[in-house]
Amino acid sequence: MTIDTPLRKLASPRLTLVLFVLFGAGVLGAHFSKLSPTWTLAVPLLLFALNLLAAIVVNPVFRRRIPLLVFHLALLALIVLVAVSRLTYLRGHVELTDGETFRGRISGVESGPLHPWHLDREVFTQEGFTINYDPGIQRDRTRSRVEWLDSRGRRHVGVIGDQHPLVLGGYRFYTTYNKGFAPTFTWYPVSGGPPRRGSIHLPSYPENEYRQALQWTLPGTHVALWTELQIDERILNPKRPSQFRVPTHYRLIVRLKGARYVLQPGDHIDLPGGRLVYDGLRTWMGYQVFYDWTTPWLLAACLVAMLSLAWHYGGRFAARPWLADGDDSEDIRPKSDETGIKAPSSHPRKFPSRLIFSICTRLGFR
Amino acid sequence: MEREALLLWLAVGVYVAAGSLAIVGVVMGKRPERTVLGLLVLGLALHGLSIGLRWERLGHGPYLTMFEILSSNIWSLLFIFSLAYWRFRPIRPIAAVVVPLVFIMMGWMLLLNRGPGHLPATYNTIWLAIHILFGKVFLGTVLVAVGMAGVILLRRAGVGVQKLSRLPDDRRLDDLAYRFMALGFIFETLMLIAGAIWAQNAWGRYWSWDPLETWSFITWVVLAFALHLRATLKPAPRRGAVLILTVFVLAFLTFFGVPFISKVPHQGAI
Ligand code: HEM
């Protein structure tokens, strides 16, 4: 028994096959059982990395075939990058009313334990949006106007939506289908404190067209208000192209302990703790927030992997005709009597000098 | 509209003639190969024209409705198959395996509603075109491999052994089939990468394990497994052929089956 036997065992290409099965099972397991893919895949990926590292050390095929080595190193880099990505990513969402400024508060946060939190430094203001609808109430282009300050304090105005997120400090803000109407109020407490302005986000429109109501609590009180928006016109026309907009004909109904109020902008309700003024109806946009600094590197690793794999196959296919006698596959089993001395390759490397010629002649142009 | 439909029906008729002739040729031991190739090219031209007219009329490529997806895939599969048929003379009889598969797809396509779909704003990107193109090349190369795998399995099952004897022996078929699988692997990987770039731009995530992503990834893993298995254990051509079929079935279900069960979040209906 030699010293490197455990390494050879770890490098076994049969183990690679087993790991492929384990990996596939991990993907299916996560898909059908709703387990987190991060965990069902982490174990097989770690084993893959060990298996591959050992194979790169032990298996002479990786010295004979440099493109194959580069391909597998790129795979290794991908595994490392995916791990780093899982440790540092962030995902979440935020809803902003027209005129509201984002100051770093998001909900539904999912993030890696090493996420470098600096979301509170990224500030932008929502300036309203338009969404076109095709007949059949099919959503078309979204254009959301935003304003932000860069790190030098310069003001920028831009339109984002669909393929174009707002990117601030590596955080990407994407518009979503989740948007709707936002009745806006100002609350003047009798205690004399400063008035508080805020809006409530009614359920997403038009998804919840017939459920435009919400129960909410006045700030600093236990007063629960039930608010409903009754739209008396057709906003999105199923027969014609139309645009998402604030209705002009609507009623805002507020119910409070059996009392019912129908409010127009400027109307108010006097309550024991203060006065609630209805300022008007606006819109809110739901953004998806995403952070992952590894994405360009992931892409680079994928491209290196693909180029080297094409190089590997290009060289191999060019070396022998497409309908040659016998078997074309290379044996990746390390030989038991492997000395480490470079074995004469049965398929001399002919890339790239002959590749173009070979593609023309071998790819059938015979 | 009528011209589109007429061209499509004509194309299907010509495809059926080409396919039937290819099958009869194998069964009768005849070689009407030039006629088959000529008919395939004619069918592709008519079908391509029909797809082009629809594209022009609706203002988007054939990738929205199931009808469009099937139609464009039948075109691309037959295009890639015709290239292989043209270039690799000795394997031409694999048409007897490939053509019936495409016939099934044609029958399905003709049953579908040909109405227009809605183009979501997120489909308005070059990455979608790249993604689709790579996917089509992937499926096409795997289909050619399936033709060879089918011959290997038919021979093993003792079906038409004599009729298929004109083809190269199993080892050489297996070798060629796996070259196509290797090409398929590259194109499938590129398809996944382009899809991830599109998804990142359109929905703010490059991968989210939705059913389509999960099943295309499973197909990718099985294909990588097949390539490794072949290099490691050197299985007999019959086993290699079973693996090729497995990859094809998975890819087929991913392309044409998953859209039925998946409520894709990006359809833009709301
Ligand atoms: C996600 C993981 C992996 C993928 C997708 C992958 C893919 C591939 C591909 C496509 C080939 C070329 C096969 C051919 O030429 O027919 C290959 C070859 C090879 N792989 Fe991997 N591989 C992976 C992981 C590994 C691991 C973990 C090992 C470690 C043992 C390994 C070792 C090898 C060897 C030694 C070859 C040479 C075979 C040849 O040239 O035919 N691979 N791999």
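A note on names: the letters A, B, ... follow the listed sequences, proteins ahead of strands, and every chain is numbered from 1. Note: hydrogens, waters and symmetry copies are ignored here, and every other heavy atom, side chains too, is used.
- Taking chain A as the reference chain and counting heavy-atom pairs below 4.5 Å, the highest number among I197(B), V221(B), L176(B) is found for L176(B).
- Between the CZ atom of R172(A) and the CG atom of N201(B) there is a distance of 7.0 Å, given to the nearest 0.5 Å.
- Counting heavy atoms from C-beta outward, L299(A) and Y206(B) have side chains that stay 4.5 Å or more apart.
- When all heavy atoms of L119(B) and D140(A) are compared, the closest pair comes out as O-OD1, 4.1 Å.
- With values rounded to the nearest 0.5 angstrom, M306(A) atom CE is found 10.5 Å from F187(B) atom CZ.
- The 12-atom threshold is exceeded at OH of Y63(B), counting heavy atoms of other residues, nucleotides or ligands nearer than 6.0 Å.
- Atoms CH2 and CG, from W215(B) and L28(A) in turn, are 5.0 Å apart once rounded to the nearest 0.5 Å.
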I'd like to know whether L233(B) forms a side-chain contact (heavy atoms from CB on, under 4.5 Å) with R14(A), so could you lay out the CA-CA distance, the side-chain angles of the two residues, the decisive distance to 0.1 Å, and finally the verdict. CA-CA 8 Å; L233(B) 300 181; R14(A) 285 171 189 258; 3.5 Å; yes
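- Going from atom OH of Y313(A) over to atom OH of Y178(B) covers 10.5 Å, rounded to the nearest 0.5 Å.
- Applying the side chain to side chain donor-acceptor pair (under 3.5 Å) rule to E68(B) yields the partners R54(B); only residues at least two apart in sequence or on another chain are considered.
- Within 6.0 Å of CH2 on W209(B) lie more than 12 heavy atoms contributed by other residues, nucleotides or ligands.
- The aromatic rings of F225(B) and F20(A) sit perpendicular, their planes meeting at an angle over 60°, well past the 30° parallel limit.
- The closest side-chain heavy-atom distance from N124(B) to D162(A) is not below 4.5 Å.
- A distance of 13.5 Å separates CH2 in W207(B) from OG in S85(A), rounded to the nearest 0.5 Å.
- When the shell of 6.0 Å around CZ of R166(B) is examined, it contains more than 12 heavy atoms from other residues, nucleotides or ligands.
- In this structure, chain B has a heavy atom under 4.5 Å from the side chain of L41(A), while its backbone stays farther away.
- For chain B, the nearby part of L298(A) is the side chain; its heavy atoms alone come within less than 4.5 Å.
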Taking it one step at a time, do I218(B) and F23(A) satisfy side-chain contact (heavy atoms from CB on, under 4.5 Å)? CA-CA 9 Å; I218(B) 290 285; F23(A) 190 49; over 6 Å; no
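- Of the two parts of R141(A), the backbone and the side chain both hold a non-hydrogen atom closer than 4.5 Å to a non-hydrogen atom of chain B.
- Remark: H118(B) NE2 to D134(A) CG distance equals 4.0 Å, nearest 0.5 Å.
- Only the side chain of I193(B) comes within less than 4.5 Å of a heavy atom in chain A; its backbone stays farther off.
- For F32(A), the part lying under 4.5 angstrom from a heavy atom of chain B is the side chain only.
- Here A121(B) is the residue among A121(B), P237(B), A202(B), A196(B) with the most heavy-atom pairs under 4.5 Å with chain A.
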side-chain contact (heavy atoms from CB on, under 4.5 Å), that's the test. Do Y174(A) and R205(B) meet it? Break it down for me. CA-CA 10 Å; Y174(A) 293 83; R205(B) 86 296 188 289; over 6 Å; no
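- For chain B, no part of L236(A) is nearby; none of its heavy atoms comes within less than 4.5 Å.
- Other residues, nucleotides and ligands contribute more than 12 heavy atoms inside 6.0 Å of the NE2 atom of H60(B).
- Heavy-atom distances place both the backbone and the side chain of Q163(A) under 4.5 Å from chain B.
- Interface residue T295(A): only side-chain heavy atoms are found under 4.5 Å from chain B.
- In this view, R143(A) satisfies the salt bridge (Lys or Arg N to Asp or Glu O under 4.0 Å) rule with no residue, not counting sequence neighbours.
- The environment of R91(A) atom CZ is dense: over 12 non-hydrogen atoms of other residues, nucleotides or ligands sit within 6.0 angstrom.
- At a 4.5 Å heavy-atom cutoff, the contact between D292(A) and chain B is made by side-chain atoms alone.
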CA sep, side-chain torsions, deciding dist, call: W203(B), F290(A), side-chain contact (heavy atoms from CB on, under 4.5 Å): CA-CA 10 Å; W203(B) 310 293; F290(A) 182 74; over 6 Å; no
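- Proximity to chain A is absent for every atom of L192(B), based on heavy atoms less than 4.5 angstrom apart.
- The two atoms that bring L323(A) and P168(B) nearest to each other are CD2-CG, 4.0 Å, heavy atoms only.
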